[in-house]
Structures are given as C-alpha cells and as structure tokens.
Amino acid sequence: MKFKRTHYIEKLINSKHNHLIKIVTGLRRVGKSYLLFNLFKQHLLDNGVDAGHIIEFQLDSFADRKYRNAETLFDNVRNLTRQDSQMYYVIIDEVQMLESFVDVLNGFLHIENLDVYVTGSNAKFLSSDIVTEFRGRGVQIHLQPLSFKEIKELSNEETSLLWQDYIYYGGLPMIVIEKDKARKAEMLQDLLRETYLNDIINRNKVKNDAELEELFSLLASNIGTLTNPSKLANTFVSEKKVKISHNTIKTYIDYFIDSFLINKAVRYDIKGKKYIDTPYKYYFTDLGLRNALLNFRQVEPTHIMENIIYNHLISNGYKVDVGCVTSYKKNEEGKTIRITLEVDFICNKGSERVYLQSAYSLPNEEKQKQEQRSLILTDDSFTKIIITTDNIPTHTTPNGIMIMNVFDFLLN
C-alpha cells in the first residue's frame, strides 16, 4: 500500500527553487523520509531532473556515516554543484546527526544552483525550535498522519468499517498497513512509550516522568473539553491525590505541543472580536496514540469525531479556533441573564471563514435547533456547517446552515 501524500507533494513542489531550506517536520513514523526519498524524488525524476543532480544523504545509515562530518558533507555537495550550472537537489534525512547542521544548511543558501530539503526525527529536531532556528531562511512542511481520505483512496473496504478502524488506531502509516488489530495496539503502545515519551523526557531532562505521563493521560481523557493548567492542577489534587503546580503543568503541555503530539485551540469571542486567554481545548495529532495511552478504554465516538474534524481542517491549511458567542435572555423571574454558547470551530484561511459544529447525531428537531442556535447567534454571512454521522444528504436549512454527513465532509 503506497500512500500518495498528494497534498504534501504539492507543498514541496510549490516551494521548489525559493532559495529557502525546506524543513519537513512531524512525528516519528509519520512518513517524512518516504515523502522525500520516494515520492518527491520520483516527482523530480518524472519532471526531467537527472538522477545525478539529486544528492541524497541518509545520515542514520552506516554507508553515509562519514557525511556526519560537517566539512565532508559540505565539500561533497559544493564540488558536485560546481560540475555544471543546472539545479541540484540535496535531500538529507536525520539531519540532526550532522555536526553543526545549522551552519551547514545556512552555507547551502549561498550556492545558487542548489535546492535543499531536510528532515529529522530525534527529540532535538522534532521540536518546533528548529523552525525558529531557520526563521526567514527556511519553510516548514509539516507532515500529519494519514487522513481518512488518504486511507480510503487506497482501500476497497466498506467506509463504515474503515472508519471504525481509523477512530481506534489512527493514521500512522505503519499502523494503517498492519492488518492484525492486536498487533496494531501493541505497536502503538510501544511507539508511545519507547519513542515519543522518551524523546520528551530525554530532551527536556524531565525528572518526574510518571507525572508527565499522568498529565498526558488526563489530556487524552479530556479531548475537546475546555480546560487550563489551573483546572488540571486541581484535578491532580482531587483525583490523583498529587500536588503539581499549574506552572509545571503548563511546561509539560508545551513539551507535548512542541513535539507535535497535541495541538491547542484558543477560544475566540465572535461578537467581541477578541481572543480569550483561557480556557483552551487540546486535540491529539494521532488518535491511535491517544487511545493507546488510555489502553483503548475510552474511545468515545463524539469526542473522537470532533478531534478528526479538527485534524482535517488543520491539514487543509485552516487556522482553527474555538468560538463562543454571547446572548441575553430573560429568565422565569423576568431578569435578564447572559448566556454563552459554543461554536466548535472557527476556521480561517485568508479571507475565508467557516463556522463548524460537530454533532455526532441529530436524532430529532430539538437537537437540530440546539446545534444551530450558536451558529445563528453569530449574526453574520459566513458559511455555517453542522457535521453529523447521520446518513443524510447534504442540505441547507431555512436559516442558511448546511448539514452534511461526516464522510461527505472528510472525503470531499
């Protein structure tokens, strides 16, 4: 099963010859090396680039170990590019194994006929710090796990069965390819603890790794729930009988975000047109890892679907916030009270804005009205969509709100 990763190949193509370092980031095992050394290389060959003008280094291999020396690798590339004036493409995997790799990559920017693509996977490179290091001199192509659409395109399995597999085991390519479900679960749990958590612990010299993992599990149990470090600290005291400061919790959460394991969605007051500092929502980059963390005990379809929709929007280039809209009404005593309703996602891309609600099911008219209420209160003309698992055709309500099935949304 060879995944095309078309969306990311297009990003790489659009970044060709822009005189910047192309930095492919993402989780371990998400397919960064395959993207560059197989898919992108094939694109270059198919478009007339001579194989001799593609310079490859896989620095974790024994054969390329001598190129971990900065001067050896730099001199090799420079000498090759001097042979003619045609464009050369250098692709480096595990670039963090190269001595002084920041200096070497900056040096490459002075070679006119060189286009540079790199990736890495240890804790040092997984962090968003690497993007900061090359600000103004590099462009990040962030690789997400496989989307539901990418998997469906290469599968003949019935959509509903494929969906059940996806919400349990996520989209890491090596997990998707594995057919045995017990083996999938075992692989995810091994990856989680032996790779991802160890990367964070070693990189940040975390002393209390039990607390770190406990917090990670707590976040996994509360995906799509408004929370903040102070609330989480209180939960530790009440449920775990452990005292941990909200500053430590914030630091640990930042570790998870920097390592691309989770994303944070910030609240936005739609009518007030301002961001609200706290609370936030947290979503997992890969739901298989999230479920493995909880030993597959809490696979709630409602929250899982919301997380999948969030990841789909992010991978399609939207900036996604959590919306809230304020309204006033009179209670039974005649007093005016303020109510705040939530819009699951505000999705922005350039001048485009979409409001989106994730509603697992709309069994009756009352539930439909409930899900539409916050969207109506936004009182503007932007596109408004409710997504559901109900087997219904896409249609628009008299209020101008589109209702569509989750598979239509994800696959189209």
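Note that this is a predicted model, so its numbers are computed, not measured.
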Partners meeting side-chain hydrogen bond (donor to acceptor under 3.5 Å, both in side chains) with E99 (sequence neighbours left out): none
With sequence neighbours left out, write down each residue that passes side-chain hydrogen bond (donor to acceptor under 3.5 Å, both in side chains) with K250, or none if nothing qualifies. D254
So, are K181 and D165 salt-bridged, with charged N and O less than 4.0 Å apart? yes
Is the shortest distance from a Lys or Arg side-chain nitrogen in E186 or R183 to a carboxylate oxygen in the other one below 4.0 Å? yes
Are D199 and R28 ion-paired here, with the side-chain N under 4.0 Å from a carboxylate O? yes
Would you please name every residue forming a side-chain hydrogen bond (donor to acceptor under 3.5 Å, both in side chains) with K149, sequence neighbours left out? none
Not counting sequence neighbours, which residues clear ring-ring contact (aromatic ring centres under 6.0 Å, His included) with Y88? List them please. H53
Partners of Y282 by ring-ring contact (aromatic ring centres under 6.0 Å, His included), sequence neighbours excluded? none
Using distance alone, with no hydrogens and no angle criterion, decide if E94 and Q96 have a side-chain donor and acceptor under 3.5 Å apart. yes
All ring-ring contact (aromatic ring centres under 6.0 Å, His included) counterparts of Y328, not counting sequence neighbours: none
Output side-chain donor-acceptor pairs under 3.5 Å for residues 102-111, partner residues at least two apart or in another chain, one line each.
residue, atom, partner, partner atom, Å
N106, OD1, R137, NH1, 2.9
N106, ND2, V102, O, 3.3

Residues two or more places apart in sequence or in another chain: which of them pass ring-ring contact (aromatic ring centres under 6.0 Å, His included) with F409? H312
Any ion pair linking D380 and R353 (charged N to carboxylate O, less than 4.0 Å)? no
Enumerate the ring-ring contact (aromatic ring centres under 6.0 Å, His included) contacts for residues 338-374, please, sequence neighbours excluded, ordered by first and then second residue. Y283-F345, Y310-F345
In Å and rounded to the nearest 0.5 Å, what is the CE to CD1 distance from M404 to I392? 9.5 Å
Test: K152 and E157 ion pair at under 4.0 Å: no
Any salt bridge between D269 and R267, counting N to O under 4.0 Å? no
Test: ring-ring contact (aromatic ring centres under 6.0 Å, His included). Region: residues 206-228. Which pairs qualify, not counting sequence neighbours? F216-F256, F216-F284
Among residues at least two apart in sequence or on other chains, which ones pass side-chain hydrogen bond (donor to acceptor under 3.5 Å, both in side chains) with R68? none
Pairs flagged by ring-ring contact (aromatic ring centres under 6.0 Å, His included) wherever residues 167-193 is involved - sequence neighbours left out: Y169-F296
Side-chain ion pair, R5 and E150, N-O less than 4.0 Å: yes
